[in-house]
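First comes the structure, then the notes that go with it.
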Amino acid sequence: MPVDLGSRSWEQLFARHVAGDTGDEITAILDQAGSTDAIALSGGFPHPDTFPRAALAESFPRVIGDPAALQYGPTAGLPGLRDWFAGRLGAQEGVRPGDGELMITSGGMEGLGLITRCLLDAGDRVVVEGPTFFGALVGFQRAQAQVDAVPVDSEGLDVPALERLLRERPGAAPKLVYVIPDHQNPTGLSLSVERRRELVALARRYGMLIVEDVAYRELGFDGELRPSLWALAPDVVAQVGTFAKTFTPGIRMGWIAAPAPLIAQLVRAKQNTDQCTGALGQLLLEDYGRSGRFDQGIAFSRTFYRARRDLMTAALGAHLPEEMRFTRPGGGFFSWVTAPGHVDTVALQARALAEKVTYVPGRAFYPDARGGNELRLAFSRVPDEKISEGVRKLAGVLAQAAGLRGAR
């Protein structure tokens, strides 16, 4: 098969913003999802046992008769679903989106993509957490934005460090700050309430939009629900969410709650992507939500994933060398491991795979060369009996590479 197209190569045809693209991590993780011979600690997939199969089977006969079920729908989302979910946000957050302040998307990734498309030109500045979700990071880089990563610690994004960055680089302020304040991907850490308020104040002072990714917000293990950034400051925050972890990823759906002028522009952009989110899935979600089972499903998921978190952190504590650190997440799907500085987690992937275990190297989560000695582990979908085995195998690989004893 020819690798070129006539007199020009494919590389010459590709747009400049995809030249040198580094967005292969998601593809690799999805490919690993079908593997049966390795313990996949790499992919943050929800577990099938949390999917509401019985409820969907009951909903389908009711929903399929609706004339809207198989038809195109409004680009912003079906009115019934938006009404139910706006009410739920109002009850949970103390703030209900007003008219034109909420739209339904085809997953959280589409929401992030729409915001990137509508706000960022080449050269615009963006601030992210370091580390951050690589799906968002790749999107910002494809838009040819200048991306600065601010460190995180036990209280989440280091907001004082962000303030210093803004003071020391007094040129054009970043257009947006992207944060995952609750049970962050990849570290599992959460932003403290005090820092949430400080971040909002900075956004208002510098005219920045906060893009708040709440993918794991409802999967907290201790019952605490800190105020969302959107609830604190709906005038300067765009909240991007997904139903993949609380409903099912097979029905691609998410939402954006944001100021009306931004939502209007995002709706225009969506008309040129998928035009509208699938109506059948929206009707199924609304029926599920109004039945009262939505909150029951979330309660089950919290208990389910808490047990898996406990298994993973217990295994990490038992098998990792003392010189290595890991996070104990208060929710979500992930723990973050930090090895000594000379360990290269990219180079170790092949060795780990030979031991039949996978992970995601830390460099994927930074816009620069950081993270070489870090990695992300997911506990959400691995069978219970495999979590400890996978951690034990990986700890052996890491200990050997670091020249350390293999257990604490």
Query raised in the report: Do Asn185 and Arg376 have a side chain donor and acceptor closer than 3.5 Å?
Result: yes
Query raised in the report: Distance only, no hydrogens: is a donor on one side chain within 3.5 Å (strictly under) of an acceptor on the other, for Asp274 and Ser106?
Result: yes
**Report entry** Salt bridge present between Arg205 and Glu163 (N-O < 4.0 angstrom)
**Finding:** yes
Query raised in the report: Would a 4.5 Å heavy-atom cut-off, applied to side chains only, mark Leu283 and Leu285 as touching?
Result: no
Query raised in the report: Using the ring of each side chain (for Trp, its six-membered ring), is Phe365 parallel, tilted or perpendicular to Phe134, with breaks at 30° and 60°?
Result: tilted
Query raised in the report: Does the Arg325 side chain pair with the main chain of Val337, one donor and one acceptor, at a distance under 3.5 Å?
Result: no
Query raised in the report: For atom NZ of Lys386, is the number of surrounding heavy atoms from other residues, nucleotides or ligands below 6.0 Å larger than 12?
Result: no
Query raised in the report: Without hydrogens or angle criteria, can the side chains of Thr246 and Glu218 be said to hold a donor-acceptor pair below 3.5 Å?
Result: no
Query raised in the report: Is the side chain of Glu129 donor-acceptor paired with the backbone N or O of Val152 at a distance under 3.5 Å, no angle test?
Result: no
**Report entry** Check: Trp84 ring centroid to Phe294 ring centroid under 6.0 Å
**Finding:** yes
Query - Centroid separation Tyr305 to Phe221 less than 6.0 Å - result: no
**Report entry** Ion pair check, Arg226 and Glu224, cut-off under 4.0 Å
**Finding:** yes
**Report entry** Salt bridge Glu389-Lys356, side-chain N to carboxylate O under 4.0 Å
**Finding:** no
Report summary line: For Asp235 and Arg204 the tightest heavy-atom approach is OD1-NH2, 2.8 Å
Query raised in the report: Does the distance from a Lys or Arg side-chain N to an Asp or Glu carboxylate O, for Arg169 and Asp148, drop under 4.0 Å?
Result: yes
Query raised in the report: Going by atom types alone, do Arg268 and Gln265 pair a side-chain donor with an acceptor below 3.5 Å?
Result: yes
Report task. Tell me, yes or no, whether the heavy-atom count around Asp99 atom CG, taken from other residues, nucleotides or ligands under 6.0 Å, exceeds 12. Result -> no
Report task. Only counting residues at least two apart or in another chain, list the ones meeting ring pair (Phe, Tyr, Trp, His ring centres under 6.0 Å) with Phe85. Result -> Phe243, Trp255
Query raised in the report: Applying the ring-ring contact (aromatic ring centres under 6.0 Å, His included) test to Phe334, which of Phe379, Tyr359, Phe133, Tyr216 qualifies?
Result: Tyr216
Query - Arg328 atom CZ: more than 12 heavy-atom contacts under 6.0 Å - result: yes
Query raised in the report: How would you list, by chain and number, every residue that makes a ring pair (Phe, Tyr, Trp, His ring centres under 6.0 Å) with Phe304, sequence neighbours excluded?
Result: His47, Phe300
Query raised in the report: Have Ser190 and Gln184 got a donor and an acceptor in their side chains that come within less than 3.5 Å?
Result: no
Query raised in the report: Mind checking whether Val179 and Ile210 have side chains closer than 4.5 Å, heavy atoms only?
Result: yes
**Report entry** Gly130 versus Tyr366, closest heavy-atom pair with distance
**Finding:** C-CE2, 3.4 Å
